[in-house]
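First the structure, in the form of structure tokens, and then the observations on it.
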2 protein chains.
Amino acid sequence: MQFVHESLPQRVCFQTGEAAAAVQAEIERLGARRVMVMAGPDETALADLVTSGVPSVLRHDEVVMHVPVEVAERARAAALAHRVDAVLSIGGGSTTGLAKAVAMTTRLPIVAVPTTYAGSEATAVWGLTENGHKTTGIDAAVLPRAVVYDASLLRTLPREMSVASGLNALAHCVDSLWAPQADPLNAIFAAEGARALHEGLPLVAKDPTGLSGIELALYGAHLAAKAFASAGSGLHHKICHVLGGKFDLPHAQTHAIVLPYVLAFNAPNAPMAESRLAAAFGNSTALSGLQELRRTLDAPRALRDVGLEAGDIPSAVEGVLALSLPSNPTPLTTENLTALVRAAWAGEEAR
Amino acid sequence: MQFVHESLPQRVCFQTGEAAAAVQAEIERLGARRVMVMAGPDETALADLVTSGVPSVLRHDEVVMHVPVEVAERARAAALAHRVDAVLSIGGGSTTGLAKAVAMTTRLPIVAVPTTYAGSEATAVWGLTENGHKTTGIDAAVLPRAVVYDASLLRTLPREMSVASGLNALAHCVDSLWAPQADPLNAIFAAEGARALHEGLPLVAKDPTGLSGIELALYGAHLAAKAFASAGSGLHHKICHVLGGKFDLPHAQTHAIVLPYVLAFNAPNAPMAESRLAAAFGNSTALSGLQELRRTLDAPRALRDVGLEAGDIPSAVEGVLALSLPSNPTPLTTENLTALVRAAWAGEEAR
């Protein structure tokens, strides 16, 4: 048992139906009097609801996926021009990401109100895109000081997006268990997150407006993000990163398709991950638990259905092998990685 | 699922056999150049070992249980006189407590190296004693910035002290599950801590010098402290506090004796705690798991063996009832609390 684990400071408020009061309380705790509210155009109604008690001096709605630097620069300039003393973000990963970009340079505190299962609100990871190239980093100053989780804000999230975003969170849990900085403490978060997502996502898929399912999924997504931010990214995320970058495959579907193949690939050599996930899924094996969940959620099955060509497989394999993954439980070879990607391409049963 | 949970910032280094290197690295991370080393007279040899790479300007060995204010004042004055820029504590709860007393007023950062299972190193709780009265409080500045857990430092801890200190940690886990600020996040720590202590303590009892048992127990004690500091104290700690305060019963033994009676009292009305603990103990019920562990450890059984008189019971019950415990799963009455304390006094089988 040799590890170094860093806990980060954050207030986590789970207060279903009470976002406005909780946000007001957190803003008051910070002593903020000039708040910049960030929310994309689609979140205007939610933002109105949540900010009723907030001393807002600025509403910023230019939210763009992957946070282009020029978008970040405009947000930073607006924050300075309005002498803002806190940033309140209401939205998914892109909105939280923009708030983080502002905090990076201004050191302003963030209060985050998530409206998806992205999980960015629970990490100190930032990301910026310049000329199509995404840079990420870690800075304690970008970790939101407080997060307000209000399940009622996710009742309008479409079923498809809920499932995709939730399976992405589950991939964070699974991949954390063999990631480079995996340790007993982040493994607890990963296991508990997997348990909550396994329980919550079928409820959300059945009734996307049901609060108890959303609460479980939000709770699971929070833990998934904590686990992933602490443990780092493992084989699953490396493969999806290469597939997304080289072939522009859709993010969430790619994660949903690839996950069982990586689990089947690693589980035989990762007994602790296997037993934790099997227990979390309440199943005899981790893989059968994941596959049953994917069937329940009607998750996508084959990379060829989302744009990968058979001829792309060698290049994808080469791209993954070029990334160093010394901690992976099953050592990677061209052969076994090709078999993995080919099976995921064809949608064969993972085994 | 309505709760507010606050995570605190701390680096946790589990590095068996490598305390000196780990401490040096953590002191360097803080940029400290004038370190005050706190270690009681019994810890001199350990302190020499651990501080080999530390720029120490002062060794302070006046460590007293419960941190009397005059002892704290002398330590604070010494820190100021030597223009110290960090405090390194090597010892159990009293040593960590003294370092916290210094940090309270000086805001100096602490690096803690625990040599028992007390757990104070993982909390922001401080305690000071004046005229026989102990005051406790919470201050983020007293939370050690880094903790170095090195199991090899506990090989010299006597079996009796290991068992008592470890059962005290287990009581933190159990009582957290129904404490006033119990929430799903601190419940994860409590359950995992209980699992680790249940596995580790019998190994320590069998071979007090065996590193794998000590590692598990240290890990469990860390989680126990995190859970307890976050959730607050429940019925078990209120009872032990009253028994210790009114009748001067020995701390660790009192905890070890009372715990199964409180578990038997609350478990029927705390299904989540019951199922988490039963799973953590790998037993059909939480109570049978705890009792088997206590038998294995040869834990003390009756309050009458450690100094409580039968005639003290009504006064003890009155003292506990005077403390407000609205969150307790089983509502307290004079009758049911008397039955609990009487059974613990007699050492009857808890049920």
Side-chain angles (χ1 to χ4, degrees), chain A residues 1-18 21-22 25-26 29 122 124 140 143-151 183-193 195-196 199-200 211-220 222-223 226-227 229-230 276 279-280 282, chain B residues 1-18 21-22 25-26 29 122 124 140 143-151 183-193 195-196 199-200 211-220 222-223 226-227 229-230 276 279-280 282:
Chain A
M1 200 188 284
Q2 302 271 110
F3 66 87
V4 175
H5 178 94
E6 188 150 1
S7 297
L8 300 175
Q10 185 171 65
R11 283 172 59 83
V12 176
C13 312
F14 264 84
Q15 289 171 274
T16 300
E18 297 176 11
E26 294 305 318
R29 276 184 73 90
L143 179 72
R145 299 282 192 89
V147 184
V148 173
Y149 290 102
D150 178 346
D183 68 44
L185 294 170
N186 52 46
I188 310 177
F189 299 137
E192 175 78 351
R195 187 196 63 73
E199 187 179 345
L211 290 177
S212 55
I214 301 173
E215 280 185 340
L216 276 164
L218 263 181
Y219 171 64
H222 172 74
L223 290 167
K226 272 175 83 90
S230 174
R276 281 183 184 271
Chain B
M1 199 187 284
Q2 303 271 110
F3 65 88
V4 175
H5 179 95
E6 187 150 2
S7 296
L8 301 174
Q10 184 171 65
R11 285 172 58 83
V12 176
C13 311
F14 263 84
Q15 290 172 274
T16 299
E18 297 175 11
E26 294 304 318
R29 276 183 72 90
L143 179 72
R145 300 282 192 90
V147 184
V148 173
Y149 290 101
D150 178 345
D183 68 44
L185 294 170
N186 52 45
I188 311 177
F189 299 137
E192 175 79 352
R195 187 196 64 72
E199 188 180 344
L211 290 176
S212 54
I214 301 174
E215 280 185 340
L216 276 164
L218 263 180
Y219 171 64
H222 172 75
L223 290 167
K226 274 176 82 89
S230 174
R276 281 182 185 272

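We name chains A, B, ... by the order of the sequence lines, and we start the count at 1 in each one.
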(request) Please look at Glu192(B) and chain A and tell me whether the side chain, the backbone, both or neither of the residue comes under 4.5 angstrom of a heavy atom of that chain. (result) side chain
(request) Kindly determine whether His5(A) and Cys13(B) satisfy side chain to side chain contact (heavy atoms under 4.5 Å, CB included), including the steps that lead there. (result) CA-CA 6 Å; His5(A) 178 94; Cys13(B) 311; over 6 Å; no
(request) Give the member of Met1(B), Glu215(B), Gln15(B) that has the highest number of heavy-atom pairs under 4.5 Å with chain A. (result) Met1(B)
(request) Measure the spacing between CD of Glu6(B) and CZ of Arg11(A) and express it to the nearest 0.5 Å. (result) 5.0 Å
(message) Test your reading of the model: is there a side-chain donor-acceptor pair from Gln2(B) to the backbone of Thr16(A), 3.5 Å cut-off?
(response) yes
(message) Which residue in the set Phe189(A), Phe14(A), Tyr219(A) passes side-chain contact (heavy atoms from CB on, under 4.5 Å) when paired with Leu185(B)?
(response) Tyr219(A)
(message) Can you tell me which portion of Leu218(A) sits under 4.5 Å from chain B's heavy atoms? Options are side chain, backbone, both or neither.
(response) neither
(message) Working note: Ile188(A) + Leu223(B), criterion side chain to side chain contact (heavy atoms under 4.5 Å, CB included); need CA distance, chi angles, decisive distance, verdict.
(response) CA-CA 11 Å; Ile188(A) 310 177; Leu223(B) 290 167; 4.0 Å; yes
